[in-house]
Asker: 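Provided herewith is a single structure, encoded as C-alpha cells, for subsequent inquiry.
Just so it is clear, the values below take in all heavy atoms, side chains as well, and ignore hydrogens, waters and symmetry mates.
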Amino acid sequence: MSEKAIKDHFGRTLKDLRISVIDKCNFRCSYCMPKEIFGDDYPFLPESELLSFEEITRLAKSFAELGVEKIRITGGEPLLRKNLDQLIMELNKIPGIHDIALTTNGIFLPRKAKKLKEAGLKRVNISLDAIDDEVFKAINGKGVVTLPVLKGIEAAQKAGLKVKINMVVKKGMNDNQILPMARYFKGKDIILRYIEFMDVGNHNGWDMDNVISKKQIIDQINEEMPLEPADENYYGEVASRYRYIDGDGEIGVISSVTESFCGTCTRIRLSADGKLYTCLFASSGYDIRRELREGLTEEQLKENLASLWHQRKDRYSDERTEQISKNKKKIEMSYIGG
C-alpha cells in the first residue's frame, strides 16, 4: 500500500478514480437510460457545464498525490466526447497512475481503438447484454444488432487493448442469454463479466424479483461448462472470478445486490458536470467544478479531496432493502458511469 494512501471512516483506502466525461449516450438501455425518460427532448448538459480536459487532468493529478493509481473513463458513452485520446494522453503522464481503462458500448472502437491505445489506454470494458440480435435490439432501445459491437471488440483486440465484456443480467430481459454469451466468449481470450441488475438511478424499475443472483448464474454455467473459483487479482476487485476447469478462460460476476463488497470499496466517482460521489448509489455529490472555477489553489484542492474521502461513511449495498431502494433518490448512472 502506498505511504500516501488515505482512508475513510471505515478504513477503506482511496485507489480508483472513475471519470464520467459526458452524460450523453447513443443507446437507450432500459436499465440505465430508458428512452421513455431520456427522449429526444431530454436536457443533456451543455458543453460549458462539462469539466474541461484541463480541469479533469488537474483533479486527477491531485488524486494521484492522495494515492489513486487507476483511472477508468466512463459516460454516458465516453467516445461521444471529442478528442478523448488527448485526455488519455495527459492522464497517462501523471506520476503514480499506472492503469487507464475505458468503459464503452464499443460502437466507435473500429475508428478509435488504435488512437486510444497510442494515447496510453490499456483496457476496455465493453457492454454487451446479449449475443442474440433480437434480444440485444430490445435492450439497447435503438434497434442496434450485435455486429457493430463485435467489430468494436475485434478492433480493440487488434489494437492491443485488453478486453472485458460486461453483461447486465435482468430476469425476463436477457437471462436466457447467460449460456449463449458464455459459449460465445469462451476461449477467445476475453473475460465475460455478469453484473447483477442493480438499483442505480431512479427510472430503471428495479425490483429484487428481477435480480438473477451470482449463485444462479454460476450454477447455470457450471452445469454445462464446469468452473472453479479463482483468486482475486487485487484488493478491492469487484468481480468474483471463476476459471473454466478445461483451462479455456475465465468469467466474473459482479454481485453488489446479493453479496455486497462495500467493505473493500476503493472508488470515487467524478461526474460529467464536476461533482464527486463516494458511492455509485449516492443521492448528492460534492461540487468540485465550482471550486475549481472559483480559483482553488493546489493545496486547497488536495485538502478538500482528502477531507471528502476521510468523511466517507457510505455502504449502500450493505444496507440495501427494497424499501430503501424505492424511497432513496439516486444519481443517474449516465452522469457517473458504472
Asker: Show the numbers, then the answer: is there a side-chain contact (heavy atoms from CB on, under 4.5 Å) between Glu298 and Leu301?
Answerer: CA-CA 5 Å; Glu298 297 307 313; Leu301 175 59; 4.2 Å; yes
Asker: Are the side chains of Asp273 and Asp23 in contact, using a 4.5 Å heavy-atom criterion?
Answerer: no
Asker: Which atom pair, heavy atoms only, marks the closest approach of Ala155 to Pro110?
Answerer: CB-CA, 3.6 Å
Asker: With rounding to the nearest 0.5 angstrom, report the CD1 to OG distance, Ile254 to Ser240.
Answerer: 9.0 Å
Asker: Under 6.0 Å from the six-membered ring centre of Tyr244 and within 45° of its axis: does the NZ or CZ of Lys186 meet both?
Answerer: yes
Asker: Within the side chain of Asp16, is there an N or O that forms a donor-acceptor pair under 3.5 Å with the backbone of Lys70?
Answerer: no
Asker: Any salt bridge linking Glu55 with Arg293? Criterion: basic side-chain nitrogen under 4.0 Å from a carboxylate oxygen.
Answerer: yes
Asker: Donor-acceptor pair, distance only, cut-off 3.5 Å: does the side chain of Glu196 make one with the backbone of Thr258?
Answerer: yes
Asker: Ignoring hydrogens and geometry, is there a side-chain-to-backbone donor-acceptor pair from Trp309 to Arg12 under 3.5 Å?
Answerer: yes
Asker: Does any donor atom in the side chain of Asn222 or Tyr242 lie under 3.5 Å from an acceptor atom in the other side chain?
Answerer: no
Asker: For residues Ile71 and Ala60, report the shortest heavy-atom separation together with the two atoms involved.
Answerer: CD1-CB, 4.1 Å
Asker: For Asp8, run the side-chain contact (heavy atoms from CB on, under 4.5 Å) check against His310, Arg312, Gln311 and tell me which one passes.
Answerer: Arg312
Asker: At their closest point, which heavy atom of Ala272 faces which heavy atom of Leu45, and how far apart are they?
Answerer: CB-CD1, 4.0 Å
Asker: Looking at Glu65 and Lys61, is there a salt bridge between them, counting it only when a charged N and a carboxylate O are closer than 4.0 Å?
Answerer: no
Asker: Out of curiosity, Asp219 CG to Lys214 NZ, how far, rounded to the nearest 0.5 Å?
Answerer: 11.0 Å
Asker: Output yes when Glu90 and Lys93 qualify as a salt bridge under the 4.0 Å nitrogen-oxygen rule, no when they do not.
Answerer: yes
Asker: Check the pair Arg290, Glu294 against salt bridge (charged side-chain N to carboxylate O under 4.0 Å, His left out), reporting the backbone distance first and the verdict last.
Answerer: CA-CA 6 Å; Arg290 178 181 58 80; Glu294 287 178 354; 3.3 Å; yes
Asker: How about Asp132 and Asn176: do any of their side-chain heavy atoms sit closer than 4.5 Å?
Answerer: no
Asker: Do Glu118 and Asp85 have side-chain heavy atoms sitting under 4.5 Å apart?
Answerer: no
Asker: Is the shortest side-chain heavy-atom distance between Ile19 and Leu51 below 4.5 Å?
Answerer: no
Asker: Within a strict 4.5 Å, meaning less than it, do heavy atoms of the Met33 and Tyr42 side chains meet?
Answerer: no
Asker: Please confirm whether the backbone N or O of Lys170 pairs with a side-chain atom of Asn210, one donor and one acceptor, at under 3.5 Å?
Answerer: no
Asker: Indicate yes or no for a side-chain donor-acceptor contact from Arg18 to the backbone of Arg267 under 3.5 Å, with no hydrogens or angles considered.
Answerer: no
Asker: Under a 4.5 Å side-chain heavy-atom rule over Ile, Leu, Val, Met, Phe, Trp and Tyr, are Phe136 and Val145 clustered together?
Answerer: no
Asker: Would a distance-only check, ignoring hydrogens and angles, find a side-chain to backbone donor-acceptor pair under 3.5 Å from Asp133 to Thr146?
Answerer: yes
Asker: Under 3.5 Å, side chain of Thr57 to main-chain N/O of Phe53, donor-acceptor pair present?
Answerer: yes
Asker: Passes side-chain contact (heavy atoms from CB on, under 4.5 Å), Val21 versus Leu50? Steps please.
Answerer: CA-CA 7 Å; Val21 293; Leu50 295 174; over 6 Å; no
Asker: Using the rule side-chain contact (heavy atoms from CB on, under 4.5 Å), only one of Val124, Ile73, Leu109 pairs with Leu116; which is it?
Answerer: Leu109
Asker: Applying side-chain contact (heavy atoms from CB on, under 4.5 Å), run through Leu270 and Phe63 and close with a yes or a no.
Answerer: CA-CA 11 Å; Leu270 176 64; Phe63 273 120; 5.9 Å; no
Asker: Does Leu87 belong to the same Ile/Leu/Val/Met/Phe/Trp/Tyr cluster as Met89, with side-chain heavy atoms less than 4.5 Å apart forming each link?
Answerer: no
Asker: Do Arg193 and Val238 make a side-chain contact, defined as non-hydrogen atoms from C-beta onward lying under 4.5 Å apart?
Answerer: yes
Asker: Which residue in the set Asn174, Val169, Asp175 passes side-chain contact (heavy atoms from CB on, under 4.5 Å) when paired with Lys171?
Answerer: Asp175
Asker: Check the pair Asn26 / Lys142 against side-chain contact (heavy atoms from CB on, under 4.5 Å), numbers first and verdict last.
Answerer: CA-CA 8 Å; Asn26 52 320; Lys142 290 289 187 176; over 6 Å; no
Asker: Tell me whether Ile37 is reachable from Phe44 by hopping between hydrophobic residues (I, L, V, M, F, W, Y) whose side-chain heavy atoms are closer than 4.5 Å.
Answerer: yes
Asker: Shortest non-hydrogen contact from Gln177 to Ile131?
Answerer: OE1-N, 2.9 Å
Asker: NZ of Lys117: more than 12 outside heavy atoms within 6.0 angstrom?
Answerer: yes
Asker: Would you compute the distance between atom CZ of Arg58 and atom OG of Ser52 and round it to the nearest 0.5 angstrom?
Answerer: 10.0 Å
Asker: When you measure from the side chain of Glu77 to the backbone of Phe27, do you find a donor-acceptor pair of N or O atoms at a distance under 3.5 Å?
Answerer: no
Asker: Between Glu228 and Arg243, is there a salt bridge with N-O shorter than 4.0 Å?
Answerer: yes
Asker: Measure the OG1-CD distance between Thr266 and Glu69 for me, rounded to the nearest 0.5 Å.
Answerer: 9.0 Å
Asker: Under the criterion side-chain contact (heavy atoms from CB on, under 4.5 Å), which of Lys162, Lys164, Arg241 is the partner of Ile191?
Answerer: Lys164
Asker: Please report the interatomic distance CG(Leu84) to CG(Leu102), rounded to the nearest 0.5 Å.
Answerer: 6.5 Å
Asker: Could you check whether any side-chain N or O of Arg28 sits under 3.5 Å from a backbone N or O of Cys25, counting only pairs where one atom can act as donor and the other as acceptor?
Answerer: yes
Asker: What is the distance from atom CD1 of Ile190 to atom CD1 of Ile165, rounded to the nearest 0.5 Å?
Answerer: 5.0 Å
Asker: Thr103 and Ser127: which non-hydrogen atoms are nearest, and at how many Å?
Answerer: CG2-OG, 4.4 Å
Asker: Does atom CD of Glu224 have more than 12 heavy-atom neighbours, drawn from other residues, nucleotides or ligands, at distances under 6.0 Å?
Answerer: yes
Asker: Take a 6.0 Å sphere around NZ of Lys158 and say whether it holds more than 12 heavy atoms from other residues, nucleotides or ligands.
Answerer: no
Asker: Begin with the C-alpha distance, continue with both residues' side-chain angles, and end with the deciding distance and a verdict on salt bridge (charged side-chain N to carboxylate O under 4.0 Å, His left out) for Lys302 and Glu299.
Answerer: CA-CA 5 Å; Lys302 254 177 74 172; Glu299 198 54 42; 5.3 Å; no
Asker: Is the shortest heavy-atom distance from the side chain of Val149 to the side chain of Asn105 under 4.5 Å?
Answerer: no
Asker: Between Gly75 and Ser20, which heavy-atom pair has the shortest distance, and what is it?
Answerer: O-OG, 3.4 Å
Asker: Does Lys275 count as lying over the ring of Tyr277, i.e. NZ or CZ under 6.0 Å from the six-ring centre, within 45 degrees of the axis?
Answerer: no
Asker: Among Arg72, Arg123, Lys15, Lys122, find the one that has a salt bridge (charged side-chain N to carboxylate O under 4.0 Å, His left out) with Asp99.
Answerer: Arg123
